[in-house]
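Some notes on the structure that comes next.
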Amino acid sequence: MSAPPPHPFTPSNSNKDDDGSNPQQQKPPLPPIVRFSEFLGMGYFGDERQHVIAPIFDSRHNAEKGWTRVMGQEGGRGQQGSGNSSNNNNGRIFHAIFVEHPSKYEFIAYPLEMDAGRINYVLYRSFSSLSSLRTFKETYGGRTFIKFGWHDLTRPSKFDVMPSYAHVDAVEFLKVEEVKQGTLADRIRKNELL
């Protein structure tokens, strides 16, 4: 799996003089980043062409509220009957990482582009069961999307999802020891954000 693209707010060495010193000691300000963990679980579904990673909430109302907060736009009932799936794409692209521990896993997803003028939410949750992660990992392939969902016991999958979605550029599966210290994923895991 290829490494994720550099985070847009990661300082580079391009401002250094030939001797290696940095004449501009000020780093660009990091955008405000907040972990969003208000979902209860995860749902996974798809086929060989595409997969959906679905944070699951206790109700549709809370899923819609969470979507509006994280994605920065409405994404619920108003779009459902449009018949045009492109209207349901919020335009944001996320990078997803699953961090596997011996008896649990962590899910992390963050937008590739962050806005310095607003709060940028990143998805984070730790789960005590590895079985669903292993099933997803075995079947994963193709395009991937994030959709928010809610418990619906009337469905065979026991959950339903909103029509709105966000693209995922890539999915990484890492062992906890493979997470590099100081990276955005590491800071999200440790909740060492602004």
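Just so you know, these numbers come straight off a predicted model, no measurement behind them. Position 1 is the first residue of the sequence; numbering continues from there.
- Within the 3.5 Å criterion, the main-chain N or O of Y121 finds no donor-acceptor partner in the side chain of R35.
- Taking CD1 of I188 as the reference point, atom OG1 of T183 lies at 8.5 Å (rounded to 0.5 Å).
- Between P55 and F36, the closest side-chain pair of non-hydrogen atoms is not below 4.5 Å.
- Here the side chain of K104 pairs no donor or acceptor atom with the backbone of F127 at under 3.5 angstrom.
- Looking at heavy atoms from C-beta onward, E38 lies in side-chain contact with R69 at the 4.5 angstrom threshold.
- What you find for A116 and P32 is that their closest heavy atoms are O-CD, 3.7 Å.
- With a 4.5 Å cut-off on side-chain heavy atoms, V122 and P111 count as touching.
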Worksheet item: Does the pair M162 and E64 meet the rule for a side chain to side chain contact (heavy atoms under 4.5 Å, CB included), with working shown?
Response: CA-CA 8 Å; M162 295 170 50; E64 290 172 348; 4.1 Å; yes
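- Counting heavy atoms from C-beta on, the side chains of D115 and N120 come closer than 4.5 Å.
- L184 places a side-chain heavy atom less than 4.5 Å from the side chain of M114.
- Closest approach of A63 to F148, counting heavy atoms only: O-CD2, 3.5 Å.
- Although no hydrogens or angles enter the test, the distance criterion places no donor-acceptor pair under 3.5 Å between the side chain of D186 and the main chain of R189.
- For N62 (side chain) and F57 (main-chain N/O), no donor-acceptor pair under 3.5 Å exists by modelled atom type.
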Worksheet item: Could you walk me through whether Y110 and Y124 pass the ring-ring contact (aromatic ring centres under 6.0 Å, His included) check?
Response: CA-CA 9 Å; Y110 57 85; Y124 174 85; over 10 Å; no
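- Counting only distance, with no hydrogens or angles, the side chain of S126 and the backbone of E106 share no donor-acceptor pair below 3.5 Å.
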Worksheet entry | side chain to side chain contact (heavy atoms under 4.5 Å, CB included) between F94 and L112, intermediate numbers included | CA-CA 6 Å; F94 278 72; L112 294 182; over 6 Å; no
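- Judged purely by atom type and a 3.5 angstrom limit, T139 uses its side chain to pair as donor or acceptor with the backbone of T135.
- In this structure, E178 contributes its side chain and K175 its backbone to a donor-acceptor pair below 3.5 Å.
- Side-chain atoms of F173 and I97, non-hydrogen and from C-beta on, never get closer than 4.5 Å to each other.
- Residue R118 qualifies as enclosed at atom CZ: its count of foreign heavy atoms under 6.0 Å is above 12.
- In this structure, D47 and H51 approach most closely via the heavy-atom pair O-CE1, 3.0 Å.
- Between the side chain of R92 and the backbone N or O of V70, at least one donor-acceptor pair lies under 3.5 Å.
- Distance alone, capped at 3.5 Å, places no donor-acceptor pair between the H151 side chain and the L40 backbone.
- Taking the six-membered ring where tryptophan is involved, the planes of F136 and F98 are tilted, since the angle between them lies from 30° to 60°.
- Considering OG of S131 and OH of Y105, their distance stands at 8.5 Å, rounded to 0.5 Å.
- Under the 3.5 Å distance criterion, the side-chain polar atoms of H167 are left unmatched by any main-chain donor or acceptor of G91.
- For residues 121-134, the salt bridge (charged side-chain N to carboxylate O under 4.0 Å, His left out) pairs, not counting sequence neighbours, are E100-R134.
- Here the CG-CD1 distance, from N191 to I33, works out to 11.0 Å after rounding to the nearest 0.5 Å.
- Contact annotation: the side chain of V171 approaches that of Y140 to within less than 4.5 Å [non-hydrogen atoms, C-beta and beyond].
- Side-chain contact check for Y44 versus V52: every heavy-atom pair is 4.5 Å or farther apart.
- From H101, atom NE2 reaches atom CD of E177 across 9.5 Å, with rounding to the nearest 0.5 Å.
- Once rounded to the nearest 0.5 Å, the distance linking CD1 of I56 with NZ of K147 reads 11.5 Å.
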Worksheet entry | Derivation of the side chain to side chain contact (heavy atoms under 4.5 Å, CB included) call for L193 and V34 | CA-CA 7 Å; L193 303 168; V34 174; over 6 Å; no
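- Closest of all the heavy-atom pairs between A96 and F107 is CB-CE1, 4.3 Å.
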